[in-house]
Amino acid sequence: MPGPLPPSSSSPSRTREWFPDTQPKLIRRWLKDGEIRALNYHIMSVYYGPLQAYVRGSSARRLGDPAELVSEFFADRLEKDEYLAGWEPSRIRLRRYLINGLWFYLRKRARKDGREAARRKEMPGTLPEMGDGPLEAFHRAHVRELVHKAMKRTRRACGERLSTHYRVFFLRKHEGHSYAEIEKLLDLDPRQAAVMARTVTRRFKEALGELVRRELGLDPRSGFATVRRELAELASASP
Amino acid sequence: MSHEDDDSTRRLLSLALEYRGRPIDDLVDRLSAGDGDEWLTRTLRTPTPHGGLPEGLLEGHWTLPQMLQIKEYFKRGADPRNAESRRKSLLGYFLCTAAAQVHHHRLLSSGPREELAEAWRELAALASPPWRALLIEASRQLESRKPPASKSKSELPVLQRSPPPCVP
């Protein structure tokens with residue numbers, strides 16, 4: 001939750017403190033302060049699911065369980081401070097940086113498995129080049145996670161006062177029930193239910209916008225048009 | 001991940017991408033806050049030349065010209081630079097139009113009927129009981145009524161020139 005509004009006399013630098021940090025700023029600050037645990041937790045909480053989806057959609061799935069492979073990758077790379085410190089100079093999106101890192105890690109792992117297999121006179125494990133399929137799976141999973149988190153935030157924002165509103169929204173927009181079905185479930189006039197869902201839609205849009213700004217490293221003050229472009233780019237990989 | 005997940009994600013994503021803000025959003029947010037009921041009561045505790053605002057709107061003893069006068073005041077009285085003033089103005093506008101619909105069966109708004117009925121319903125879902133009943137009844141009446149043939153200005157009630165009511 002944001003704190004109280006800053007006094008109007010605040011200097012610009014003071015005012016900026018009231019806005020949530022963007023991802024690049026957060027990462028820079030954590031690296032500078034040696035807050036590696038906080039940094040790793042943040043990266044894992046945002047990218048664990050999407051990277052698994054990436055593995056699942058690629059030939060790398062032959063190497064083992066996607067959850068284990070991604071955990072191994074995190075353990076191997078995030079332990080080293082310099083790994084994330086190398087992201088900023090690379091000037092690429094963090095998601096791309098992590099995908100590249102994962103892919104290099106999996107290739108290294110496959111080569112190692114290959115050498116061991118050769119010693120055991122077995123077929124070596126190999127990985128073909130990266131394709132579009134797993135990248136799309138990664139984007140889809142990323143969008144799913146953002147939407148899922150936005151739903152949780154919306155639920156919290158609705159609180160007790162709008163709990164029925166949220167229920168209607170969930171049943172209609174998440175579960176895909178018709179308003180006639182919702183009428184039976186909740187004993188609500190369908191027209192009333194429709195406007196209740198609309199009330200929550202705005203909160204959902206705001207929650208999603210805030211998450212996209214934060215997790216994709218956009219300016220916290222950027223308008224929804226910017227958020228829309230980012231989401232459209234990610235969503236273009238959706239089925 | 002299942003197809004159901006993808007369907008839900010797609011549905012929710014397009015919902016957020018397509019949502020367009022409306023002037024009523026800010027009022028809805030204010031009424032949704034924990035103290036929304038108190039805010040509504042406080043806002044309506046406003047003297048008017050025709051008596052108390054809540055009684056006038058809920059009990060229906062105001063004439064149509066009186067209601068029109070109050071509605072116009074709310075409609076034009078907002079300070080566009082002040083969010084609280086805009087919210088109060090919208091609240092007064094929607095309650096006056098709803099009361100005129102319920103008590104006089106007259107539509108005091110030239111806006112699209114569907115949008116007005118939807119706004120009344122949205123406010124009804126957040127307002128305390130007497131206001132909820134008024135707003136639901138107004139939207140029910142409007143939704144069940146066929147749009148009237150276009151009305152000439154001379155048919156509208158004539159307002160007496162009087163000082164503006166003492167509203168916020």
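These figures come from a predicted structure and were not determined experimentally. Throughout, protein chains are lettered first and strands after them, A, B, ... in sequence-line order, and every chain is numbered starting at 1.
With rounding to the nearest 0.5 angstrom, the CG atom of B:Asp7 is 10.5 Å from the NE2 atom of A:His174. Remark: B:Arg10 CZ to A:Arg144 CZ distance equals 11.0 Å, nearest 0.5 Å. Atom CZ of A:Phe170 and atom CG of B:Leu12 lie 9.0 Å apart (nearest 0.5 Å). For the atom pair B:Arg121 CZ and A:Arg191 CZ, the distance stands at 4.5 Å (nearest 0.5 Å). One finds the NE2 atom of A:His148 at 10.0 Å from the OG1 atom of B:Thr9 (value rounded to the nearest 0.5 Å).
Neither the backbone nor the side chain of A:Glu160 comes within contact range of chain B; no heavy atoms are under 4.5 Å apart. A:Val147 touches chain B through its side chain: at least one heavy atom from C-beta onward sits under 4.5 Å away, while N, CA, C and O do not. Only the backbone of A:Arg172 has a heavy atom closer than 4.5 Å to any heavy atom of chain B.
For the pair A:Arg161 and B:Leu126, the tightest heavy-atom approach, listed with the atom from each and the gap, is NH2-O, 3.1 Å. Minimum heavy-atom separation, B:Ala125 to A:Gln192: CB-NE2, 3.4 Å. Taking each heavy atom of A:Phe169 and B:Leu15 in turn, the nearest pair found is CE1-CD2, 3.6 Å. Looking at every heavy atom in both residues, B:Ala16 comes nearest to A:Phe204 through CB-CE2, 3.9 Å. The two residues B:Arg11 and A:Glu175 come nearest to each other via the heavy atoms NH2-C, 3.6 Å.
Using a 4.5 Å heavy-atom cut-off against chain A, no residue of residues 89-97 of chain B qualifies as contacting.
Ranked by heavy-atom pairs under 4.5 Å with chain A, the list B:Ala117, B:Ala33, B:Gly34, B:Ser139 is led by B:Ala33.
Within the 4.5 Å cutoff, no side-chain heavy atoms of B:Ile136 are placed close to those of A:Asp189. In this structure, the side chains of A:Arg203 and B:Ser32 come closer than 4.5 Å at one or more pairs of heavy atoms. Counting only heavy atoms from C-beta outward, the side chains of B:Tyr19 and A:Leu208 never approach each other to under 4.5 Å.
A salt bridge links A:Arg198 with B:Glu118: the distance from a Lys NZ or Arg NE/NH1/NH2 to an Asp or Glu carboxylate oxygen falls below 4.0 Å. The pair A:Arg202-B:Asp29 meets the salt-bridge criterion, with a side-chain N (NZ, NE, NH1 or NH2) lying under 4.0 Å from an Asp/Glu carboxylate O.
The environment of A:Arg109 atom CZ is dense: over 12 non-hydrogen atoms of other residues, nucleotides or ligands sit within 6.0 angstrom.
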